[in-house]
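Input: a single structure, listed below in structure tokens.
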Amino acid sequence: MYSYLVRRLIALVPTLLFASMIVFSVVRLVPGDIIDLMLSESDFGADTVETRAELEKALGLDKPIYVQYFEWIGGILFRFDFGNSLWQNTPVIDDIAERMPYTIELGVLSLLIALLVAIPIGIYSAVRQETIGDYAGRTVSILGLAVPSFWIGTMVVILPAIWWGWSPPTEVVPFFEDPVANLQVFIIPSLILGFSLSAVTMRMTRTMMLEVLRQDYVRTAWAKGLTERVVVLRHALKNALIPVVTLIGLLVPFLFGGAVIIEQIFTIPGMGQLLLDSVSTRDYPLITGITLIIGFLIIVLNLVIDLCYAYLDPKVRYG
Amino acid sequence: MADTTVAQAGVIKTRRPRGFLLDLLVRLVREKPLGAFGGVIFLALLITGVFADFIAIDKVNEIHPIDRFTPPGSEYWLGTDQLGRDIYSRMVYGARLSLIVAFSATTLSIVISVVLGLTTGFFGGRFDMLVQRFVDAWMSFPDLVILIVAVSVLGPGMWQVIFVLGLLLGIAGSRIIRGAVISVRENVYVQATESIGTPAWRVLLKHILPNVMAPIIVLFTTRLAAVILAESGLSFLGLGIPPPAPSWGGMLSIDGRSYMFQAPWLAVIPGIAITVVVYGINIFGDALRDLLDPRMRGGGMSYKGGGVKRRSAK
């Protein structure tokens, strides 16, 4: 376990390095000049030599590219300084810290809903393979992959408003101030995001259950005369759920991506909104800051999940 | 007359790989009726897109100012929008737009996946290690976030969306091709070819590539659906293909959400279209996967990779 941990941590270094380079280069690899783009598309001021120099300085573009990179990454690593927003001139990290809790809450609730819905249906679908219940579960899960969450979200806003004059509450309050009011706002967006995630989870649970149910030790369990409940829940489920743990890691990027759309529809002031706002105002320090933090969070979360996985499944550690 | 030429063309086309395509079709219909149903949806989308000029009633942006916000009915089958544009015709042209984006971006992504997957899977070693860490880093950003940031830099537009989607899915998909290459590489015939001194590029093109065609075809199909979904999501956020192009996602968001109480059908119809098309292509792709590539069945196995096996074999 210890050597596995070390190996994974070493592999983490180049990944983080590449991730930071990707984010860094996106803004710099613009065809043409980013300053031109900013001046032509937004009102950063008249196109004069001074505004150009000012913008270049704000973006740090007046230095050679490798100096820019090391200054940028150094600031992040040693001072936790992601630069200042071009518009409000507030530290980027403060803006992100303010929005982050909403996105995390949306993500955690959606994931919980997805797992609560998907795992029981997945188990049922596998145990009762090729029955009507199985077909129904699989159809719903394939639909979950196909229905765009932005469409369901829009429908949930429109249809009740037309039919009953009711629309989902959008007044967002922090969870710890008023949990009930907070959950009222978050429950519908989480259900929608959770539904689209549950499709993948359900398919995975079903496949893994089917595989495990055919193994010798499960047959032995049956032969011992154990009840179905015990065989399925005590013997099979434990092994089937291990790969599902990894799946959670794969789902986290979807959570962040989906959050962008869901936050937009339900006007939740999370990271997704902040990203869209910063894109529409071309606030590049903010854009790079948000992207990098999301990327790093996902990388670290995946590491944690892989470690859990290795802990649960010894085959991985020694493989 | 026209019918016979089409029939002849079909005969000529299927003559050489006879059996394979025909056999696949028969198996699809017999063993996977649901997949065949998905194939029909996919075919319908193809026909709609290709023959959009004949199927649509109006031109894309033709307006009927008097008939603004007409609900679906006999005159305008799917109603009209705030400018009095016929939604049915716009949906038909939207199918063409979706197809252009889907096929271009998917082709680009498959080329990238195949080149990356073949070289990393075949040569392995340090080169592979480095590329894999890059792919790790790349995949740690949510697709939508990369898309949004890239479009913010490149500006919205169809070609930008195609380029970014192709790159995005191409890099992610290289893992799947790489896995397939690694397992094919282990076959004795590959070692035999290598032992008689066949150059690497020839081994790659003549012996490995033909044997990873199945995952490539499956990847291609499933990617089409992913691209359609991603493009509509991006256009929904106003960052994809700008109006007045009839992008389904854009129609749902810009027209649909602005006038959602006056004309709810503006938001309902594009959503149904996206769902049906993505659903159809997905079940078609699933069926193809089961028929062509039993190894990929139950996608959960792929993360175990082939790297471990290979190391122990050496």
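Reminder, nothing fancy here: chain letters follow the sequence lines and each chain counts from 1. As the structure is a prediction and not an experimental result, all values here were calculated from the model.
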Heavy atoms of other groups near B:F163 CZ, more than 12 under 6.0 Å: no
Interface moiety of A:F254 toward chain B, non-hydrogen atoms closer than 4.5 Å: neither
Reported CG-to-CD1 distance for the pair B:D136 and A:I299, which is rounded to 0.5 angstrom: 8.0 Å
Heavy-atom side-chain proximity of B:L130 to A:F18 below 4.5 angstrom: yes
Shortest non-hydrogen contact from A:P253 toward B:P142: O-CB, 3.2 Å
Among the listed options B:I272, B:I283, B:V268, B:V276, the residue most often paired with chain A at heavy-atom distances under 4.5 Å: B:V268
Max heavy-atom pair count under 4.5 Å with chain A, selected residue of B:A150, B:G233, B:P270: B:G233
Atom pair CG (A:N302) and CE (B:M139), whose distance is rounded to the nearest 0.5 Å: 9.5 Å
Gap separating the OG atom of A:S280 from the CG atom of B:L237, nearest 0.5 angstrom: 11.5 Å
Option in B:V278, B:T275, B:V145, B:L144 with maximal non-hydrogen atom pairs under 4.5 Å from chain A: B:T275
B:S253 OG to A:I261 CD1 distance, which is reported to the nearest 0.5 Å: 10.0 Å
Side chain to side chain contact (heavy atoms under 4.5 Å, CB included) assessment of B:I274 paired with A:F150: CA-CA 11 Å; B:I274 298 168; A:F150 56 83; 4.2 Å; yes
Heavy-atom contact with chain B under 4.5 Å, split by part of A:R203: side chain
Chi angles and distances behind the side chain to side chain contact (heavy atoms under 4.5 Å, CB included) call for A:T291, B:F141: CA-CA 8 Å; A:T291 320; B:F141 296 105; 3.9 Å; yes
B:A267 backbone acceptor or donor facing A:W151 side chain under 3.5 Å: yes
Separation of A:Q264 CD from B:F236 CZ (nearest 0.5 Å): 7.0 Å
B:F220 atom CZ, neighbour heavy-atom count above 12 within 6.0 Å: yes
Residues of residues 222-230 of chain B within contact distance of chain A, non-hydrogen under 4.5 Å: B:L229
Verdict with reasoning, A:L276 to B:L239, per side chain to side chain contact (heavy atoms under 4.5 Å, CB included): CA-CA 9 Å; A:L276 285 176; B:L239 295 164; 3.7 Å; yes
Atom of B:G271, atom of A:P148 and distance for their closest heavy-atom approach: O-CD, 4.5 Å
A:I265 versus chain B, the contacting section by heavy-atom distance below 4.5 Å: both
For residues 136-147 of chain A, which side-chain donor-acceptor pairs fall under 3.5 Å, sequence neighbours excluded?
from: A:R138; atom 1: NH1; to: A:D134; atom 2: OD2; distance (Å): 3.4
from: A:T139; atom 1: OG1; to: A:Y135; atom 2: O; distance (Å): 2.6
from: A:S141; atom 1: OG; to: A:R138; atom 2: O; distance (Å): 3.1

